Amino acid sequence: MSEARIRVSEIFGPTIQGEGILIGLPTIFVRTGGCDYRCSWCDTLHAVDSDYRDQWLPMSVDEIWSEVTRLSGGKPLTISLSGGNPAIQPLGPLIAHGHAEGYRFALETQGSLAKDWFAELDVLVLSPKPPSSGMATDWGAFDDCLRMASHKPQVALKIVVFDDVDYAYAREAASRYPGLPLYLQPGNHTPPPPEADDAIVDIEGIVERMRWLVDKVSSDRWFEARVLPQLHVLIWGNKRGV
């Protein structure tokens, strides 16, 4: 096994994938630590903010795999590689080891860092951050991610929408990549602080934003877009590890 260490914020499951192209699918999550973005509404600051770096464990592939197989009971299922931005971490050896054991791998990233091991994934979700995040999209870097994927994994586009400006951004992104399946998601405007995963979540407000987004897509006859909730937020609120 490779001696490369992967900074891990948390490993949990099995649970369901709560959003995007694999929503509802039984999943083990390997959440890495570290991110090159700092979105204004980030809901995983414990895996992003360097103040929590001492909680990120540098783990070998063997150590990670031991926990994955314990949680899954050795039954192959899908492993979601998330963050932060998991593209920061050397995940190629983990993917290769898991595939040898019959597991599948899905990764979600904002598309700011391209890695050659993207081509080894089963599913790659590219989620560029809209204006409400406070981040600017580097479409050149995003295109590099698509090139690295090299048409091997299933690739999807997922965009969080909070308001009309984000919606216009999503329309522009979709026009850039008409061949990618597109998933829109209403944003959680009440994300938890890192130290309080039981923080109150405004479910009513999130559902209202989803109604607005569905009405918007329908009235614009934007039939290529799929609008989905964060299912885990509707079920468990801001609770971590589910």
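Remember, it's a predicted structure, so these values are computed and weren't measured experimentally. The figures that follow rest on heavy atoms only: side chains count, while hydrogens, waters and symmetry mates do not.
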For Leu94 and Trp117, run side-chain contact (heavy atoms from CB on, under 4.5 Å): C-alpha distance rounded to whole Å, both residues' side-chain angles, the deciding distance at 0.1 Å, then the answer. CA-CA 10 Å; Leu94 177 65; Trp117 46 261; over 6 Å; no
For residues 178-190, which side-chain donor-acceptor pairs fall under 3.5 Å, sequence neighbours excluded?
unit_1	atom_1	unit_2	atom_2	d
Tyr183	OH	Arg226	NH1	3.3
Asn188	OD1	Thr190	N	2.9
Asn188	OD1	Thr190	OG1	3.0
Asn188	ND2	Asn238	OD1	3.1
His189	ND1	Arg209	NH1	3.1
His189	NE2	Asp202	OD2	2.7
Thr190	OG1	Asp202	N	2.9

Output every pair passing salt bridge (charged side-chain N to carboxylate O under 4.0 Å, His left out) with a member in residues 129-144, not counting sequence neighbours, ordered by first then second residue.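 Every salt bridge (charged side-chain N to carboxylate O under 4.0 Å, His left out) pair that includes a residue of residues 129-144, provided the two are not neighbours, is Asp144-Arg147.
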Applying side-chain contact (heavy atoms from CB on, under 4.5 Å) to Asp116 and Met148, what does each step give before you reach the verdict? CA-CA 5 Å; Asp116 56 2; Met148 285 297 186; 4.2 Å; yes
Would a 4.5 Å heavy-atom cut-off, applied to side chains only, mark [X] and [Y] as touching?
{"X": "Thr109", "Y": "Lys115", "value": "no"}
{"X": "Ile235", "Y": "Ile16", "value": "yes"}
{"X": "Ser82", "Y": "Glu108", "value": "no"}
{"X": "Thr27", "Y": "Leu22", "value": "no"}
{"X": "Gln89", "Y": "Val8", "value": "no"}
{"X": "Val123", "Y": "Arg104", "value": "yes"}
{"X": "Leu91", "Y": "Leu107", "value": "yes"}

Residues clustering with [X] (ILVMFWY side chains joined when closer than 4.5 Å, directly or via others):
{"X": "Leu113", "answer": "Ile88"}
{"X": "Trp41", "answer": "Val160, Phe162"}
{"X": "Val207", "answer": "Val201, Ile203, Ile206, Val233, Leu234"}
{"X": "Phe12", "answer": "Phe29"}

Search all heavy atoms of [X] against all heavy atoms of [Y] and return the closest pair with its distance.
{"X": "Leu124", "Y": "Cys145", "answer": "CD2-O, 4.4 Å"}
{"X": "Met135", "Y": "Cys39", "answer": "CG-SG, 4.0 Å"}
{"X": "Ser40", "Y": "Gly134", "answer": "OG-N, 4.4 Å"}
{"X": "Ile159", "Y": "Ala170", "answer": "CD1-CA, 3.8 Å"}
{"X": "Gly84", "Y": "Thr44", "answer": "N-OG1, 3.8 Å"}
{"X": "Pro76", "Y": "Gly102", "answer": "CB-O, 3.2 Å"}

So, taking the atom named [atom1] in [X] and the one named [atom2] in [Y], what distance separates them when rounded to the nearest 0.5 Å?
{"X": "Ile6", "Y": "Met59", "atom1": "CD1", "atom2": "CE", "answer": "9.0 Å"}
{"X": "Trp212", "Y": "Asp215", "atom1": "CH2", "atom2": "CG", "answer": "10.0 Å"}
{"X": "Gln17", "Y": "Leu77", "atom1": "CD", "atom2": "CG", "answer": "12.5 Å"}
{"X": "Ile28", "Y": "Leu81", "atom1": "CD1", "atom2": "CG", "answer": "12.0 Å"}
{"X": "Leu45", "Y": "Ser9", "atom1": "CG", "atom2": "OG", "answer": "11.0 Å"}
{"X": "His46", "Y": "Gln55", "atom1": "NE2", "atom2": "CD", "answer": "8.5 Å"}

Tyr52 and Val30: same hydrophobic cluster, using ILVMFWY side-chain contacts below 4.5 Å?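 No, Tyr52 does not connect to Val30 through the hydrophobic network.
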Would you mind listing every ring-ring contact (aromatic ring centres under 6.0 Å, His included) that reaches into residues 56-95, with sequence neighbours excluded?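 Applying ring-ring contact (aromatic ring centres under 6.0 Å, His included) to every pair that reaches into residues 56-95, excluding sequence neighbours, yields Trp65-His97, Trp65-Tyr103.
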Taking atom CZ as the centre, does Arg176 end up with more than 12 heavy-atom neighbours from other residues, nucleotides or ligands that are less than 6.0 angstrom away?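 More than 12 within 6.0 Å, yes.
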List in chain and number order the residues that pass side-chain contact (heavy atoms from CB on, under 4.5 Å) with [X], two or more places apart in sequence or in another chain; answer none if no residue qualifies.
{"X": "Glu224", "value": "Trp222"}
{"X": "His232", "value": "Glu19, Gln230, Trp236"}
{"X": "Pro131", "value": "Val165, Asp166, Tyr169"}
{"X": "Ser112", "value": "Asp36, Tyr37, Asn85, Gln110"}

Please determine whether side-chain contact (heavy atoms from CB on, under 4.5 Å) holds for the pair Leu146 and Leu126, giving the CA-CA distance in whole Å, both sets of side-chain angles, and the decisive distance to 0.1 Å. CA-CA 9 Å; Leu146 287 172; Leu126 294 172; 3.5 Å; yes
Name the orientation class of the two ring planes belonging to Tyr177 and Trp139 (parallel below 30°, tilted from 30 to 60°, perpendicular beyond 60°).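 The rings of Tyr177 and Trp139 sit tilted, inter-plane angle from 30° to 60°.
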Closer than 3.5 angstrom, by distance alone: can the side chain of [X] be matched with the main-chain N or O of [Y] as a donor-acceptor pair?
{"X": "Arg31", "Y": "Gly83", "result": "yes"}
{"X": "Ser127", "Y": "Lys158", "result": "yes"}
{"X": "Ser66", "Y": "Glu63", "result": "no"}

Could you work out, with salt bridge (charged side-chain N to carboxylate O under 4.0 Å, His left out) as the rule, every residue matching Asp49, not counting sequence neighbours?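 If we apply the salt bridge (charged side-chain N to carboxylate O under 4.0 Å, His left out) test to Asp49, skipping adjacent residues, the hits are Arg38.
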